[in-house]
Amino acid sequence: MSFTRTLRAVSGAVVAGALLFGTAPVASADQIRNDQWPLQKFDAESIWKISTGKGVTVAVIDSPVDASHPDLKGSVLPGKSFVTGGRADQGSGDDGEHGTAMASLIAAHGHGAGGSDGVKGLAPGAKILPIAIGMPAHGEIPKLGEQMKYAEALKYAVDKGAKVVNMSFGASGTDVTPEEQQAIDYARKHDVLLVAASGNDGVDTPQDPAGAPGVLAVGAVDDHGYIWQKSNYGPYVKLAAPGTRIRSASAMEEAKGKYHLANGTSDATAYVSAAAALIRSKFPNLTAGQVANRLIKTAGIPVGKHMQLPDQHYGYGFIKPYSALTKNVPAGPKDGPFPALKGQGGASGNPSSATAGNDDSAAKINSDKGMSTGAIIGIVGGVVVILVIILVVVLVAKKKNGRNGPPPGGYGGPGGPGGPGGFMPNQQQPYQQQPGAPGSYPPAPPTQPPGR
């Protein structure tokens, strides 16, 4: 089993987008900030009036982070390197490149007057907990046996108080190990949201950890909201986010101004983690599953696209953080889109949590261990008698009316399928695994840098 980094690389200038995440521009006199088209599409300035992610710690399991970068100073905790045993906030050069980029997309605050220069993250008030697991340089593939599995790092993140964990890495063609699944379940039991990259191979093979139960898998879209052609896909993908021509901080001295522009589902994952931090800050009582639910219920799809959701490429759509913070969205089940943990109904241990919105009669019945056999027989007998009475009444009514047809207005009428108030055949069904939309997806621009 091996890790493969979701690669990023330098690309050309960003192209102005249209009709997607929002339209209000971000005021800036700095070209680096102007290049951050996701902030413009999200209307980040309006978002930050509602939430900045303050009070939320986001763990970045990755390479070390360069905490000395001017756009990250004061926002990065010491963390831990599981490679050296020391801190993880002193990344530099190739060694800290990937982790620094992800941290900046989540919680960078810029620099200069009013923080108007440099890179700014979507959740600039959040704190980054860097956890280094030895990401390789230039996309090389390290053997896990030579370094480590991410399970230990994930448990560390939970124990240090992270409420969101960003995992912009993956192992292709492998299943999650029992040790890794135990760590994922450990995080869920402690109400931590796990976000992982789907991968950059343009295939339907799930990556570990993105394909593991209980993990929010993320694909990448461009500035028009169309799926990036190298974004991995499959029924496990839940959301998409900006992942092409993304400007981020760099730990490499030779990078002009310590910034670069790149592609990848890694970047998309960081934006989803940041959006989750915004929500966890504004709605601290929501569970991790309910935070994911909010992102899903407010997601969007490109204008003119027609598909059943979840789609295997888009999941439930691309994130719309402002809507996730402002729309009236029912909290939903405590586990949200994730399967209930084994041995309990939900992440909180509440047996009825997976059926939120229903009464607790099932829980009451399950908790009644003292009901006698005679009482059970009596109840069953009573039900049988009632059913017989109902059957007799129906038969008499049928004979009297001489017919047995559909209700007034037919099945397509009011209250029926397709009618006002009835079930709509194409209605989006939350958490239902449906096939992806047929057809191909828009190709990438002619010149595309490799992804990360």
Side-chain angles (χ1 to χ4, degrees), residues 51-61 77 79-80 106-107 122-123 125-131 150-167 176 179-196 209-210 212-218 238-239 269-270 272-298 316 319 321 324-325 329-357 360 363 430-431:
S51 176
T52 63
K54 184 177 180 179
V56 177
T57 297
V58 180
V60 175
I61 300 180
L77 303 172
K80 180 178 180 179
I106 297 169
L122 182 59
K127 294 293 185 182
I128 297 295
L129 176 67
I131 306 174
Y150 65 82
E152 190 177 357
L154 182 51
K155 289 180 180 178
Y156 173 85
V158 174
D159 292 342
K160 289 299 180 179
K163 299 305 291 182
V164 179
V165 177
N166 188 84
M167 298 185 288
V176 61
E179 180 188 13
E180 290 163 351
Q181 190 61 56
Q182 287 172 7
I184 290 169
D185 292 346
Y186 179 77
R188 292 186 61 201
K189 288 174 183 176
H190 287 80
D191 193 35
V192 178
L193 181 61
L194 309 179
V195 189
V215 176
L216 191 64
V218 179
K238 293 292 189 292
L239 287 168
T269 301
V272 173
S273 293
L278 295 172
I279 297 171
R280 302 219 80 165
S281 179
K282 186 177 189 298
F283 302 104
N285 293 327
L286 292 184
T287 66
Q290 289 167 343
V291 170
N293 179 62
R294 224 170 217 285
L295 290 168
I296 283 171
K297 291 297 183 67
T298 56
Y316 290 92
I319 60 169
L325 289 167
V329 179
K334 292 186 177 181
D335 289 304
F338 308 120
L341 288 168
K342 293 181 180 180
Q344 57 188 49
S348 67
N350 182 351
S352 62
S353 65
T355 54
D360 60 354
Y431 315 141

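One-based numbering along the sequence shown.
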| Is a donor on one side and an acceptor on the other found under 3.5 Å between the side chain of S281 and the backbone of S51? |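 Checking the backbone N and O of S51 against the side chain of S281, no donor-acceptor pair under 3.5 Å is found.
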| said: Check whether E180 reaches the backbone of A151 with its side chain - one donor and one acceptor, N or O, closer than 3.5 Å. | reply: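 Flag not set: sc E180 to bb A151 has no pair under 3.5 Å.
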| query | With D159, which residues qualify under side chain to side chain donor-acceptor pair (under 3.5 Å), at least two apart? | reply |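 In terms of side chain to side chain donor-acceptor pair (under 3.5 Å), with neighbours along the sequence ignored, D159 is linked to Y186.
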| For T269, which residues count as a side chain to side chain donor-acceptor pair (under 3.5 Å) partner, sequence neighbours excluded? |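 Scan of T269 (side chain to side chain donor-acceptor pair (under 3.5 Å), adjacent residues dropped) gives none.
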side-chain contact (heavy atoms from CB on, under 4.5 Å) partners for [X], two or more places apart:
X: P330; answer: none
X: A274; answer: I106, L122, A123
X: T298; answer: S323, A324, K327, V329
X: A217; answer: A210, Y236

| Given R188 and D335, is the salt bridge (charged side-chain N to carboxylate O under 4.0 Å, His left out) satisfied, shown in steps? | CA-CA 9 Å; R188 292 186 61 201; D335 289 304; 3.1 Å; yes
| field | Full working for side-chain contact (heavy atoms from CB on, under 4.5 Å) between L194 and L216 | value | CA-CA 6 Å; L194 309 179; L216 191 64; over 6 Å; no
Looking only at heavy atoms, what is the nearest atom pair of [X] and [Y], with distance?
X: P213; Y: I184; result: O-CG2, 3.5 Å
X: A277; Y: V56; result: O-CG2, 3.6 Å
X: P130; Y: L77; result: CD-O, 3.1 Å
X: A331; Y: N293; result: O-ND2, 3.2 Å
X: A196; Y: V215; result: CB-CG1, 3.6 Å
X: L278; Y: P321; result: CD1-CB, 4.4 Å

| query | Residues in salt bridge (Lys or Arg N to Asp or Glu O under 4.0 Å) with R294, at least two apart? | reply |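 Residues passing salt bridge (Lys or Arg N to Asp or Glu O under 4.0 Å) with R294: none at all.
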| task | Indicate yes or no: at least one non-hydrogen side-chain atom of L129 is less than 4.5 angstrom from one of V60. | result |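 The answer is no; the side chains never approach within 4.5 Å.
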| query | Does the side chain of K163 reach to within under 4.5 Å of the side chain of D191, using non-hydrogen atoms? | reply |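 In short, these two side chains touch, coming nearer than 4.5 Å.
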| field | With sequence neighbours excluded, residues passing ring-ring contact (aromatic ring centres under 6.0 Å, His included) with F283 | value |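 Expected list: none.
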| field | Test side-chain contact (heavy atoms from CB on, under 4.5 Å) applied to K160 and T57, step by step | value | CA-CA 9 Å; K160 289 299 180 179; T57 297; over 6 Å; no
| If you round to the nearest 0.5 Å, how far is CG of L295 from CG of L193? |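 It comes to 7.5 Å.
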| request: To the nearest 0.5 angstrom, please state how far the CG atom of L154 sits from the CE atom of M167. | output: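 Spacing of CG (L154) from CE (M167) equals 6.0 Å.
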